[in-house]
Amino acid sequence: MLRFLHHCSIRAATYTALDEPRNNLGFVYTEEARAKESAGYLARRDLFASGVESERIEHKSHRTVMRESAERISLSKRNEEYHKHLNEDSLMHTPEFVIKPRSHTVWEKQCVRLHCTISGCPEPRVVWYKNNVSIDPMATPEKYKVESSYSVHSLEINKCDFDDTAQYRVSAMNSKGETSAFASVVVKTPCLEYGVTFETHLVEKFGVSFGREGETLSFGCSVIIYPSLQRFQPEIEWYRDDKLLVPSKWVQMHWSGDRATLTLSHLNKEDEGLYTLRVITKSGFETHSAYVFVRDADAEVAGAPGAPLDVHSLDANKDYVIVTWKQPAVDGGSPILGYFVDRCEVGMTHWAQCNDTPVKFARFPVTGLVEGRSYVFRVRAVNKAGMSHSSRVSEPVAAMDPADRTRKGPFAPWTGQIIVTEEEPVEGVVPGRPCDLSVIEATKNYVVLSWKPPGEKGHEGVMYYVEKCVSGTDSWQRVNTEIPVKSPRFALFDLAEGKSYRFRVRCCNSAGVGEPSEPTEATTVGDKLDIPSAPGRVVPTRNTDTSVVVSWEASRDAKELVGYYIESSITGSNTWEPCNNKPVKGTRFICHGLTTDESYVFRVRAVNAAGISEFSQESEAIKVKAAIGGGILHASPTPPYGITVLECVRDSMVLAWKQPTFIGGADITGYFVDYREVIGGVPGKWHEANIKSVSERAYRVSELKENMLYQFQVRAANMAGVGIPSLPSETFKCEEWTIAVPGPPHDLQVQEVRKDSLVLLWKPPVYQGRDPVNGYYIDIKEAEADFEMWRGVNEKATDKTFMKIKDLKMGESYVFRVRAQNKAGVGKASDSTEPVEAVTKPGTAEIVVNVDDDGVISLNFECSNLTADSKFVWSKNYVEMTEPERMTLETKGSKSKAIFKTPSEEDLGIYSCFVTHTDGASASYTLSEETLKELLKISHDHKFPIIPLKTELAVELLEKGRVRFWLQAEKISANGKVEYVFNDNVVHQGEKYKMNFDKNTGIIEMFMESLGKEDEGTFTFQLQDGKATTVSVSLFVILVLLLLFCASVFLFLQVFIFLSTLFSLPVFVPVISKKDAGIYEVVLKDDRGKDTSTLNLTDQGFKDLMNQVFSVIANSSTPLKIQSTEEGIRLYTFVSYYNDELHCTGNRLILVFFIDRARVAGGLPDVVTIQEGKCLNLTCNIWGEPVPEVTWLKNEREMVSNDHYILKFESGKFASFTITSINTSDSGKYSILVKNKYGTESGDFTVSVFIPDEEPVQNVPQPHLLRSPKTNPKARNQPIHQWIMRR
């Protein structure tokens, strides 16, 4: 005990000695001295604490120990009772101001921000008021900006003026109550003690600058202030992308008294952006801005990518930090394979690589840090060519608990005294369960877990064990088996991609390991964040002689978008250069550094942490030159007009209005409606009806008072701001309508204006009346005509909300109105349209239907007067198609097309296209059933084109046994090709075959010198000209017939009979036949006597005679020809002499052979139209001997029988084709090919599958077979040949 008192006395003496110099000697005690003193004290305390503690414990009395034990038990009981009574209601409380907003006095044109910190449970709703009138930042976004981040709330007032002088109140409200705090803002008009107002002028301004990584860049402005007073120096501020810059090792600022200069040392791509100089005096401020571009440094390895940028540390903890970065714009010509993250401890020079394999995701958790130490990070990109330069080093971050960082702040402030507390020892307590365990990030490389520490964790700190198990199992495996983690964050690596896992966490301390937390839901390992889709249409606009304004449509459904990269290319060069090396977040960017009078095209990519999207479509080419007037700036729109009431009930009214006549050069983003009460003819104060803008030109104003009179005004907004309000409307009474007829239609629009017609569109009335609306009547009159001149356009009501009005007079101006009807009658007419002149404007185009070479049907529309903000809007039956299922919409430059995916009867209707931001460019096309059939036929011909033939493949037999195969095409190009096939084998030019292909005449020939037994088979000519093909098959050549033909050439000659004997007198027989057979005797006698001679014309003698006769006939014949017919092969010749035995037709001698070649006898249609989901079955008859081989083809490709396609050939006669559960992919051209040794034949048909309507269709017809081909089956078992004689 004495030893303890001795230590206390020494310590007290030490404190007195320390205090004396400060109090009595006037010693200046610096912060550095305080820090050293604090460090010394902590070291001494740690050195001697153990000894003092042990000594104190030794001298404890038994009485003291018992008292402490009793206190612990009492405390434990109170703690249990506290947790029992602890519930949600006890945690909830009214809002409280931790930090209240403070008042400000500012100069005119300056900005001011009011801050406050509010706590409350549930989280309170915060509203700001100016002089007790609520502030709507959406109504005046250029004036007010309200932000809320966690419990910190702020109101920023931009460019303050005298009207901003007011009392501002911030109100916080939740279910427990409401509280408010006040602050005053005083805006002073600049004035000096001497009554002088400063005038500031910026001269020698800096312009757009270009630098390269690693270089140093300086720029600035000369500042002239009048009057020049040395005692009054301006305040110089520099901004980059609207963020105030502070001096650092990368940024140096200099003010010489008349010139402000900014120097960027060692440029990096993070330095790229819009730089603004602001010179502030008591009279106001002047600014100047210009863009600075930073190009990539030359790569160390050719083809390596650019360096990543914007490396930051997020979610730092005791042993864990998430590092994030942005991908570079330049990939070096090959895709980036991933990124390497390096770390370095502050104060050290050694860099350690954190990941062994490159990661593609632009975020990475770095683990294994030492608690209390600070680190910096850098990132490198790699592709197949090599490694990039390292990124700029991140800001230092300390590996420590976030709570400790919040409590200590960036520095450990010295309080001037050391407070020493003696902590009582407590028993070890096993910590409880962690809570709120969740997966905060999941990629294919890692998963990050986050949780909250347990409520019961004992006196000492806790650490954590993480466990995992595969979903569907209960086998838990500890991930960090050796060392528990200190941070309530953990990253798990080496998980199997595509597998699902669950996770849980246990707490541990010296007392033991606690119970596990509730497991997470099943998490599948993979990238949860998708790469953004490609941006939409890119539109360039002229700006200056060296710059172009590029705007584009934002990527759809992009999550966590970082920004966009823009690239440019000189037209035709195909060499792309980045326009920016730092992603821009807007959808508009000015590309500088272009060459005057060169034509450029542009494309855009989107970026997020998952990667970089595909490129957008290239823009139209634009020539770089200054725009007239340097470009047109966007302005806020003019006021809307024509406010009317569409419906009225007891407490609300539906208003409608007309679009402003001038929209400011940019799309209107919405409308704001105000209302005010009118009491006794005196209007009251305006109130906002909607906080968020509405996109439609109709809005229901709610919470009105019944039977009260109201006036309304409407304001339009675009990207330039909110326009001025419209004139107050008429006074309307809020009372419920009870009339039976419907209210007026609204939002009348006119499209497709031509010299004799136009299309009128409208929207149905909001008030339907007692019964639903069942039709509309359209009225028309000349614009200058009296009211009584209204006349009806349609005698019968139309149920459409559009109508094409015809028979207009060219050059005349018209107005229109619409009336709705229901069962009760016709309601009030709508407001009339603005006057419309019936004239076809120059450059007006129509929708053109096109079928391309692939058979794709599309509707095409071109507009020649596009603007930068123009868009093509496609509609079907005048209902906009935003994401059509049956069509694909493509737009490039001034052309847009709507492409049909699978055209069918479901696509019938009126298709229209309207171009925004033009003088009404629009057109329509009606797709009828007849037109669709014609287009489908053309599409089929384009998909499966054929080469038309003048003559089919024919065979001629020439002299000396030569054979000529030939055909003639109607038309064939210079690229036409032909293959000569014999029995499925291609034959080529040689001794046996001589080919000739005359592309001018289309005649294709093949000659054979002779025929032999080996030439028995099928000859085919296969023609191809681009996609068009034709296969022409010759007849089967039978050797016996050919040999007979060869004999006939020398036997059949002129028909002439000459009987010659040994006598000197000839005997002529005009006609010889079998009846002339016999024995002829010639008797010669004179005075000297007689002599007899006989001629035997029986048997062999008659045969010899007939041979000579036929020899004469044969000599009179023409060359024999061969013709293919349905009956068979026809051989014929023309003879000069013949007799009755030959049975000639005229002078033509015909020989016909019947052959059982393979044939498709019939049963197949040309076209089959069938509903999706049905079953298709076709059967056809097959002839031929021997039995042919049957092959089925789809789109020229051989098919195989399976469960979906069932192909059968039964009894050698019947071939069947079945498709089960047919779908749209079964549409196409089908063929059956039959073949035997005598020949080949095919049959074709087309299958078209259509999708039924959503509503069930009753009595669905069976598959419709169109134009079945005529069949002419011939009897089989005919003789091998037969002569046919015709006269």
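Predicted model, so just to flag it, every value in this text is computed and none were measured. Both backbone and side-chain heavy atoms feed into the values below; hydrogens, waters and symmetry mates do not.
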*Do the two ring centres, one from Phe1245 and one from Tyr1230, sit under 6.0 Å apart?*
yes

*Ser599 and Thr571 side chains, donor-acceptor separation under 3.5 Å*: no

*Taking the side chain as C-beta and beyond, is there a heavy-atom pair between Thr731 and Tyr710 under 4.5 Å?*
no

*Asp557, CG atom: more than 12 neighbouring heavy atoms under 6.0 Å*: no

*Carboxylate-amine/guanidinium proximity below 4.0 Å for Lys658 and Asp831*: no

*asked:* Which residue in the set Thr931, Asn860, Ile857 passes side-chain contact (heavy atoms from CB on, under 4.5 Å) when paired with Val849?
replied: Ile857

_Residue pair Glu905, Lys933: steps toward the salt bridge (Lys or Arg N to Asp or Glu O under 4.0 Å) verdict_ = CA-CA 9 Å; Glu905 294 181 357; Lys933 289 182 179 180; over 6 Å; no

*Among Val839, Leu758, Val753, side-chain contact (heavy atoms from CB on, under 4.5 Å) partner for Leu808*: Leu758

*Above 12 or not: heavy atoms from other molecules or residues under 6.0 Å from NZ of Lys895?*
no

*Can you list every pair that meets salt bridge (charged side-chain N to carboxylate O under 4.0 Å, His left out) and has a residue in residues 789-811, with sequence neighbours left out?*
Glu782-Arg791

_Once ring-ring contact (aromatic ring centres under 6.0 Å, His included) is applied, do any residues pair with Tyr675, and if so which ones, sequence neighbours excluded?_
His687

_Before we go on, tell me: are the rings of Tyr641 and Trp657 under 6.0 Å apart, centre to centre?_
no

*Return yes when atom NZ of Lys871 has more than 12 non-hydrogen atoms of other residues, nucleotides or ligands closer than 6.0 Å, and no otherwise.*
no

*Kindly say whether the aromatic ring centers of Phe861 and Phe914 come within a distance under 6.0 Å.*
no

*Is a side-chain donor-acceptor pair under 3.5 Å present for Gln659 with Arg697?*
yes

_Quiz question: by atom type and distance under 3.5 Å, do the side chains of Arg817 and Ser832 form a donor-acceptor pair?_
no

Side-chain atoms of residues 765-775: list all donor-acceptor pairs with protein atoms under 3.5 Å, sequence neighbours left out, distances to 0.1 Å.
from	atom 1	to	atom 2	distance (Å)
Tyr767	OH	Ile739	O	2.5
Gln768	OE1	Val773	N	3.2
Gln768	NE2	Pro765	O	3.0
Asn774	OD1	Gln821	NE2	3.2

*asked:* Tell me if the centroids of the rings in Trp762 and Tyr776 come within less than 6.0 Å of each other.
replied: yes

_If you compare all heavy atoms of Leu889 against all heavy atoms of Ala898, which two are closest, and at what distance to 0.1 Å?_
CD2-CB, 3.6 Å

*asked:* Between Arg537 and Glu620, does the salt bridge (Lys or Arg N to Asp or Glu O under 4.0 Å) criterion hold? Intermediate values first, please.
replied: CA-CA 10 Å; Arg537 179 168 168 253; Glu620 287 290 311; over 6 Å; no

